[in-house]
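In what follows, a structure is listed as structure tokens, so that the remarks can point back to it.
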Amino acid sequence: MKRFALGIAFSLALAASVFAQSGDMTPLAVVKLNKTETITLKQLKTRAGFLEKQLQAAYGTKQTLTVEQKKQLLDSLIQEKLVAQAAAKQNITVTDSQVDQTFLGTFAQQIGQQVTEAQLSELIKKQTGKTLNEYILESSGMGLKEYKEYLKSQLVAQQYVYMMKQSEISKVAATDEEIRSQFDMNRSQFVWNDMLKLFVVIVQKGNNASSALATIKDLRNQYVKDKSKENAIKSSADNGKKYVAETTLVEKTATQAQLLGCTEATLEELFGKSKGFVSDVTETSTEYQFYVVQEKYAAKMLGISDVVMPGSNVTVYEYIKSIVTSQKQHQYFAQAAQDIAKSLDTPANVERKKTGDALNALLKW
């Protein structure tokens, strides 16, 4: 297995690697910068177990950390506590609402939409039969309350590093050479499929289909008589309540057809309509709708100065710049976090209870 860097890292993935509730209580180190905290062998075993699972997922085979890698991991645990204690010493805090927002954000990325904790609990119950607390305990080794406390300490540490290195991080940016190199290496990814810009109006039938039908017909008549009514329809207080009116881009792909709930042949027919076409009111089992074809965009390879999407003012160049800059700032942040932690790792702040052969013996599990 390749050697890897195990320095301090503040990410949401790291928050899932939390302390187990069973195992050897042998103390390995005591961190005492701002208060006394002991790192035990059971904590190291739990973190190592989590990391081995991550490596197994990445490499596809069972992975076992070497003694040397476990030592690196122990140093990383010590560094995490040092930075967290340094942040506490500076009175840096985060609110419970910030912790909840971050906690739910990790699941929103997986689910594809924002959820409340109640909605998340219901979803996990349906999919796994477990409560949210049971699910977090099984996947992380901590109950929900403890998990959030750990996450809170990580967020505090992030704020401390940003406070210490904010000026330097803000200066990190992608160079013109890096941007153009990324474009050249990924040129095939910057392409438009055939696209339509549609104005779509939808009215749910609800408990009164006849009323919904009357509403959609009235909205269509307003638009047909005066196309400038589009803005009024979209900005009305009724939009989102009585109906949904929005402008959307539709790509000519099999995936798009699936998302729209129609066949590829139906999507092909839609793309055959001319610009300015106003559909009749159509009906599904739950709603009425009509659409307007406002623009048609032909498939093409994009140049570095082209906009990334129709109607956008962001060019491919600016898009790549933002991505590369974010990556470089993340790398700088990770290195800065390690540097800060190492500077705090002094005999006055850390007492290593096990070293040399005694530590090696404990790490041969």
Side-chain angles (χ1 to χ4, degrees), residues 6 8-54 57 70 73-111 115-125 127-161 337 341 350 353 365:
L6 283 171
I8 190 167
F10 300 107
S11 66
L12 297 176
L14 181 64
S17 171
V18 293
F19 304 152
Q21 301 302 310
S22 62
D24 197 332
M25 294 299 294
T26 303
L28 301 180
V30 176
V31 179
K32 48 185 178 178
L33 186 153
N34 194 43
K35 63 179 180 179
T36 300
E37 290 186 277
T38 300
I39 297 174
T40 64
L41 182 59
K42 78 166 186 179
Q43 294 169 354
L44 181 61
K45 284 183 175 180
T46 300
R47 181 66 65 89
F50 173 80
L51 186 55
E52 286 172 348
K53 289 180 181 179
Q54 298 299 102
K70 292 170 186 175
L73 187 54
L74 175 59
D75 287 340
S76 131
L77 290 172
I78 291 170
Q79 291 169 2
E80 288 174 18
K81 287 192 177 294
L82 281 168
V83 174
Q85 288 193 19
K89 199 171 181 178
Q90 294 292 327
N91 296 316
I92 295 174
T93 61
V94 297
T95 64
D96 289 342
S97 63
Q98 288 174 307
V99 175
D100 289 341
Q101 183 179 5
T102 302
F103 171 72
L104 293 171
T106 63
F107 290 95
Q109 293 176 7
Q110 300 172 40
I111 298 170
V115 291
T116 65
E117 190 165 310
Q119 290 171 330
L120 177 62
S121 297
E122 183 179 354
L123 182 62
I124 288 176
K125 189 70 174 179
Q127 293 186 352
T128 69
K130 298 179 176 66
T131 65
L132 179 58
N133 186 71
E134 290 170 340
Y135 179 81
I136 296 298
L137 182 61
E138 182 180 275
S139 60
S140 69
M142 263 190 165
L144 180 60
K145 181 180 178 181
E146 292 78 13
Y147 182 95
K148 287 186 178 182
E149 288 174 353
Y150 179 82
L151 181 55
K152 187 172 187 176
S153 71
Q154 297 299 298
L155 294 174
V156 167
Q158 284 185 34
Q159 287 197 20
Y160 177 75
V161 175
V350 181
K353 294 291 188 179
W365 68 74

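We number each residue from 1, following the sequence as shown.
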With rounding to the nearest 0.5 angstrom, report the CE to CG distance, M25 to L41. 10.0 Å
Nearest heavy-atom approach of K353 to P27 is CB-O, 3.5 Å
Shortest non-hydrogen contact from Q85 toward N34: OE1-N, 2.7 Å
How many angstroms lie between atom CD of E134 and atom CD1 of I124, to the nearest 0.5 angstrom? 10.5 Å
What distance do K32 atom NZ and T38 atom OG1 have between them, rounded to the nearest 0.5 Å? 10.5 Å
Please tell me if the side chains of T102 and Q158 come closer than 4.5 Å, counting only heavy atoms from C-beta onward. no
Do V115 and L123 come within less than 4.5 Å of each other through their side chains, counting heavy atoms only? no
Residues K89 and L33: closest non-hydrogen pair is CD-CD2, 3.8 Å
Using atom types as modelled and distance alone, determine if a side-chain donor or acceptor of Q90 lies under 3.5 Å from a backbone N or O of A87. no
Side-chain contact test, heavy atoms from C-beta onward, threshold under 4.5 Å: evaluate it for E37 versus V30 and give yes or no. no
Identify the heavy atoms of A157 and V83 that sit nearest to each other, and give their distance. CB-CG1, 3.8 Å
Between K130 and the options L132, T128, N133, the side chain to side chain contact (heavy atoms under 4.5 Å, CB included) test singles out T128
I want to check something: taking the side chain as every heavy atom from C-beta on, are L77 and E80 in contact at a cut-off of under 4.5 Å? yes
Quick one: NZ on K81 to NZ on K35, what's the gap to the nearest 0.5 Å? 7.5 Å
Answer yes or no: does atom CD of E149 have more than 12 heavy-atom neighbours from other residues, nucleotides or ligands under 6.0 Å? yes
How far does CG of L74 sit from CD1 of I78, to the nearest 0.5 angstrom? 4.0 Å
Using 0.5 Å steps for rounding, measure from the CG atom of L44 to the CG atom of L73. 5.0 Å
L120 side chain near Y135 side chain, heavy-atom distance below 4.5 Å: no
Between V94 and V99 the two heavy atoms that sit nearest each other are CG2-CG2, 4.0 Å
In terms of ring plane angle, is the pair Y147 and F103 parallel, tilted or perpendicular, where the classes change at 30° and 60°? perpendicular
Heavy-atom closest pair, residues D100 and K148: OD1-NZ, 2.9 Å
